[in-house]
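Comments concern the structure below.
In the text below, chain A, chain B and the rest are named by the order of the sequence lines, each starting its count at 1. Because the structure is a prediction, the values reported are computed rather than measured.
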Amino acid sequence: MSRAGHCRVWPVQDYDLASTLSCGQAFRWVPDRDGWVGVVRGRWVRLSAGNGWVQARTAVPQRDWRWLTDYLQLEVNLAEISASWPQDPPLRAAWAACRGLRLLRQDPWECLASFLLSACKAIPQIQALIARLCACYGEAVPVPPGQSAAWSFPSPERLATLPESSLRRLGMGFRAPHLLAAARAVADGQLDLARLPRLPLAKARERLMQLPGVGPKIADCVLLFGCGFQRAFPVDVWVARALRESYFGGRRVPAGRLREFADAHFGPHAGYAQQYLFHHVRTMPAAQRRLSA
DNA sequence: TACCAGGAGAGCG
DNA sequence: CGCTCTCATGGT
């Protein structure tokens, strides 16, 4: 396989592509026969995987594949991450059940916009809403012959020009003004997302939470999935449920306290642990979870 | 019909 | 601080 072209294969151990693309950290991947089709940083790409390899096909020849290898985090060593975790039964059970699940490194703006829209919605609805947003306000990207049309994620500059009513028409409800305010802040240069990864975690979180509609949970999603803060720990209803069930005897605990517990308990890669707990609790019935733990 | 969905924010005791 | 209510919409 030539290094420059439409196609590329990478050898990689313990990479569960299906879990990684469908576990709720990214919302634009669509199953396609034995693979997945999506748009990453404005490029159409089809991914497939087998035992020990991941393959990509693009619409346009690629000279430099770093936009994709960085997105897929191919160089990350999962064993080192799990070795940094505590050896408690609930986490080991999630680790065993979700073998090969990876965190992606996504575009921060797409991440911020997507999770603003995720508030209080089911994942399939989030996917559908984001698909409508891209089809209406993204730019058409080249696709291979015979493939259905695809769009880039709309830029903050583009969304900032829209009236709120245009966004509400897509079914965003109360999230529409939040997305609009975020688009304007980024387009204005008032919020520099590219700078966030160089700030201390607490500062970066504080900065994001100045936006209307961005609280601790959405801020942590952007920091973990888009800025590379491995310690960020988004607490949503599912993770809260999993933590209460496994570490607090089923008692109800405020989200802030759960995040503090997680930070102290799971350590420098707490965010990775969060995704395993999230995926596990969402894909496995409670009785079966307790059995394997 | 009632309830829930990868929340946030205001109001209240 | 911790609880409750509201925000808008679509799905079981």
Can you tell me if the side-chain N/O atoms of A:Arg241 get under 4.0 Å from OP1 or OP2 in B:dA5?
yes
Using a heavy-atom cut-off of under 4.0 Å over every strand shown, decide if A:Gly213 touches base, sugar-phosphate, or nothing.
sugar-phosphate
How is A:Val214 classified with respect to the nucleic acid when contacts are heavy atoms under 4.0 Å: base, sugar-phosphate, or nothing?
sugar-phosphate
Nearest whole angstrom, please: distance from the C1' of B:dG6 to the OH of A:Tyr276.
18 Å
Say we look at B:dC3 and C:dA8: how far apart would their C1' atoms be, to the nearest angstrom?
15 Å
Compare all side-chain heavy atoms of A:Leu159 with those of A:Trp109 and state whether any distance is below 4.5 angstrom.
yes
Please give, in whole Å, the distance from C:dT4 P to A:Arg252 CZ?
7 Å
Within 45° of the axis and under 6.0 Å from the centre of the six-membered ring of A:Trp36, does NZ or CZ of A:Arg46 qualify?
no
Which of parallel (below 30°), tilted (30 to 60°) and perpendicular (above 60°) describes A:His178 and A:Phe174?
perpendicular
Looking at every strand, decide which applies to A:Gln127 at a 4.0 Å heavy-atom threshold: base, sugar-phosphate, or nothing.
nothing
What contact category does A:Leu211 fall into here, base, sugar-phosphate, or nothing, at under 4.0 angstrom with non-hydrogen atoms?
sugar-phosphate
Send over the distance from A:Ile123 CD1 to C:dG10 C1', rounded to a whole Å.
15 Å
Using a cut-off of 4.0 Å on non-hydrogen atoms, how would the nucleic acid contact of A:Pro216 be classed: base, sugar-phosphate, or nothing?
sugar-phosphate
Using the ring of each side chain (for Trp, its six-membered ring), is A:Phe278 parallel, tilted or perpendicular to A:Trp238, with breaks at 30° and 60°?
perpendicular
Side chain of A:Ile218: nearest nucleotide among C:dG10, B:dG7, B:dG6?
B:dG7
Closest to the A:Ala122 side chain: C:dG2, B:dG6, C:dA8?
B:dG6
For B:dG6, does the base pair up with any side-chain atom of A:Gln275 as donor and acceptor (N or O, under 3.5 Å, distance only)?
yes
State whether A:Arg168 places a side-chain N or O below 4.0 Å from either non-bridging phosphate oxygen (OP1 or OP2) of C:dT9.
no
In whole angstroms, how far is the C1' atom of B:dA8 from the NZ atom of A:Lys217?
12 Å
With P as the reference atom in both, quote the distance from C:dT4 to B:dG6 in angstrom, rounded to an integer.
22 Å
Expressed in angstrom and rounded to an integer, what is the separation of A:Leu117 atom CG from C:dA8 atom P?
15 Å
Rounded distance (Å) that lies between atom P of B:dG6 and atom NE2 of A:His279
14 Å
Rounded interatomic separation in angstrom, taking CE from A:Met172 and C1' from C:dT9:
12 Å
Would you mind classifying the nucleic acid contact of A:Pro234 as base, sugar-phosphate or nothing, using non-hydrogen atoms under 4.0 angstrom?
base
Do A:Trp10 and A:Gln55 have a side chain donor and acceptor closer than 3.5 Å?
no
Quick note, A:Phe174 side chain, CB onward, closest among B:dG7, C:dT9, B:dG6 is B:dG7
Does the side-chain ring of A:Phe115 sit on the six-membered ring of the B:dG6 base, less than 5.5 Å centre to centre and under 30° in tilt?
no
Going by the angle between their ring planes, with limits at 30° and 60°, are A:Trp85 and A:Tyr276 parallel, tilted or perpendicular?
perpendicular
Roughly, in whole Å, what's the span from CG in A:Asp236 to P in B:dA8?
10 Å
